[in-house]
Amino acid sequence: MANSGDRESKLRLEAIEWLSMVTDNGRLPLTREEIAEFRFEGEKFRLIDQSRGIWRPKGFEGALTIVTTFREPGKERPYEDEIGQDGLPRYMWEGDDPFLFTNVALRTSMQRQMPMIWFVGIGRAPARYQVVAPVFLVDEEAHLQRFVVAPMDASAIIPDVVGQESPIQEAMRRYLRTETTIRLHQPVFRASVLRAYETRCAVCNLGHYQLLDAAHIMPDRHDLGIASVVNGMALCKIHHAAFDSNILGVTPDFIVKIRPDLLEEIDGPMLQHGLKELHNNKLMKLPENKKEQPRKDLLELAYERFTSAGAA
């Protein structure tokens, strides 16, 4: 008969595999009710604590899941997680007692390098969560009462060395920042934006999530390229590509503009109906919550980029 440690390891892996399946490999957010459908050995098994952000099931040695609550733009969460200078996210302790059982559970998961699941809130009514799994806790910053989270294989972490960083370490730091963006920020950003736009393209109202992207108004490499719904628009893949390549622009008043030379071009029905006929139209879909609509200062900067590209 398998011991409790083997059972815990098996459950962690089965939960991560099940979540990957039901979210279409992380593309779809889940409600609490949907998360509650997970079964292990034929019986329902709870993956989220009803009242705490850190969940260590009965009999487990380490924490299994962590939760970050949803916040509207401009509002703080009860526990405000941050991104460190190394590009990796932080997860706050519960309270300020290092020996609180939930904090001890996180520490155990870190020390034993147990794969965990992170549920990141991206909406409410009903509450919906983006699943990021597996994640590993790779360090504890006790003076700041938080853990360092790596949404990747923890074996890839190279520890800091006192003094000058080697080229390999520097390359790994860049890799970590890229991997974190891919594994955490981009899926959460995408889920948040598509939820706000009710899974419809802002420009043409197309409603198939497989054909939709979350477009950054200002790119994430820009100082103002914040990973927030107010810096995003849900766009179908054609209009996303057109927006990023400055073929399509959006004014701060949500009016679609098409590059002047394209308006003169004749090249079949896609150009005609998919782009040219949208010129001077209002965006067809915006978030109902005005706090989640695109920030006009970001749109203005993006529109300046669009007009400059057209003049070049």
Side-chain angles (χ1 to χ4, degrees), residues 19-20 22-35 48 53 65-83 87 89-91 117-133 135 149 151 180-203 205-222 224-237 239-240 243-244 250 254 283 285-299 302:
L19 288 165
S20 178
V22 298
T23 63
D24 191 13
N25 199 27
R27 292 182 179 88
L28 297 172
L30 297 177
T31 64
R32 280 183 176 262
E33 290 72 20
E34 290 167 332
I35 295 168
I48 294 184
T65 64
I66 52 179
V67 174
T68 297
T69 58
F70 170 72
R71 66 167 181 182
E72 291 184 348
K75 290 189 177 180
E76 293 186 358
R77 297 184 180 99
Y79 292 91
E80 190 58 31
D81 305 318
E82 298 178 1
I83 302 295
R90 270 54 175 170
Y91 193 85
I117 299 159
W118 195 351
F119 294 107
V120 183
I122 57 102
R124 60 165 58 98
R128 279 173 281 184
Y129 299 89
Q130 176 69 27
V131 178
V132 184
V135 297
V149 185
T180 299
T181 298
I182 294 170
R183 295 287 300 277
L184 175 61
H185 304 315
Q186 287 183 2
V188 171
F189 177 73
R190 181 181 191 275
S192 299
V193 170
L194 294 193
R195 186 264 315 154
Y197 285 77
E198 300 181 52
T199 319
R200 291 198 169 274
C201 175
V203 170
N205 213 34
L206 181 70
H208 293 274
Y209 85 89
Q210 298 95 332
L211 300 176
L212 296 177
D213 295 329
H216 287 81
I217 297 170
M218 295 303 294
D220 50 15
R221 64 182 178 274
H222 193 280
L224 294 176
I226 53 177
S228 169
V229 67
V230 297
N231 185 41
M233 292 185 292
L235 296 177
C236 69
K237 294 187 180 296
H239 293 134
H240 186 185
F243 182 79
D244 284 353
V250 179
F254 309 137
L283 288 178
K285 186 65 181 178
L286 283 168
E288 292 291 331
N289 184 347
K290 290 189 176 181
K291 292 181 180 179
E292 295 184 323
Q293 292 181 359
R295 261 177 43 185
K296 296 200 172 187
D297 62 324
L298 301 178
L299 280 176

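Each residue takes its place number in the sequence, starting with 1.
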query: Quick one: CG on Asp24 to OH on Tyr209, what's the gap to the nearest 0.5 Å?
result: 3.5 Å

message: So which atom in Arg128 and which in Pro29 form the shortest heavy-atom distance, rounded to 0.1 Å?
response: CB-CB, 4.4 Å

- prompt: Are any non-hydrogen side-chain atoms of Tyr91 and Thr68 less than 4.5 angstrom apart?
  reply: yes

- request: For Cys236 and Cys201, work out which heavy atoms get closest and say how close.
  value: N-SG, 3.3 Å

- prompt: For the side-chain contact (heavy atoms from CB on, under 4.5 Å) test, which of Leu212, Asp213, Val203 pairs with His240?
  reply: Asp213

Parallel, tilted or perpendicular: ring planes of His216 versus Phe189, cut at 30 and 60 degrees: parallel

query: For atom CD of Gln210, is the number of surrounding heavy atoms from other residues, nucleotides or ligands below 6.0 Å larger than 12?
result: yes

- prompt: Could you state the interatomic distance from CZ (Arg190) to CG (Leu28), rounded to the nearest 0.5 Å?
  reply: 7.5 Å

query: If you measure from CG on Asn25 to CG on Leu19, what distance do you get to the nearest 0.5 Å?
result: 11.5 Å

field: Separation between CG of Leu206 and NE2 of His239, rounded to the nearest 0.5 Å
entry: 9.0 Å

query: Which atom names give the shortest non-hydrogen contact between Ile122 and Phe70, and what distance separates them?
result: C-CD1, 3.2 Å

query: What is the distance from atom CH2 of Trp118 to atom CD1 of Ile66, rounded to the nearest 0.5 Å?
result: 5.0 Å

query: Step by step, would you call Leu299 with Phe254 a side chain to side chain contact (heavy atoms under 4.5 Å, CB included)?
result: CA-CA 8 Å; Leu299 280 176; Phe254 309 137; 3.5 Å; yes

query: Side chains of Arg195 and Glu292: does their closest heavy-atom pair fall under 4.5 Å?
result: yes

message: Donor-acceptor pair, distance only, cut-off 3.5 Å: does the side chain of Asn205 make one with the backbone of Lys285?
response: no

- line: Taking every heavy atom of Gly232 against every heavy atom of Ile217, the minimum-distance pair comes out as N-CD1, 3.8 Å

message: Minimum heavy-atom separation for Ile48 and Arg32, please, with both atom names.
response: CG2-NH1, 3.1 Å

field: Between CD on residue Glu288 and CD on residue Gln293, distance to nearest 0.5 Å
entry: 8.5 Å

- prompt: Just wondering, do Leu286 and Pro294 contact through their side chains at under 4.5 Å, heavy atoms?
  reply: yes

- line: On a heavy-atom basis, the closest approach of Val229 and Ser192 is CG2-O, 4.0 Å

query: So do the side chains of Glu34 and Val22 get within less than 4.5 Å of each other, counting heavy atoms only?
result: no

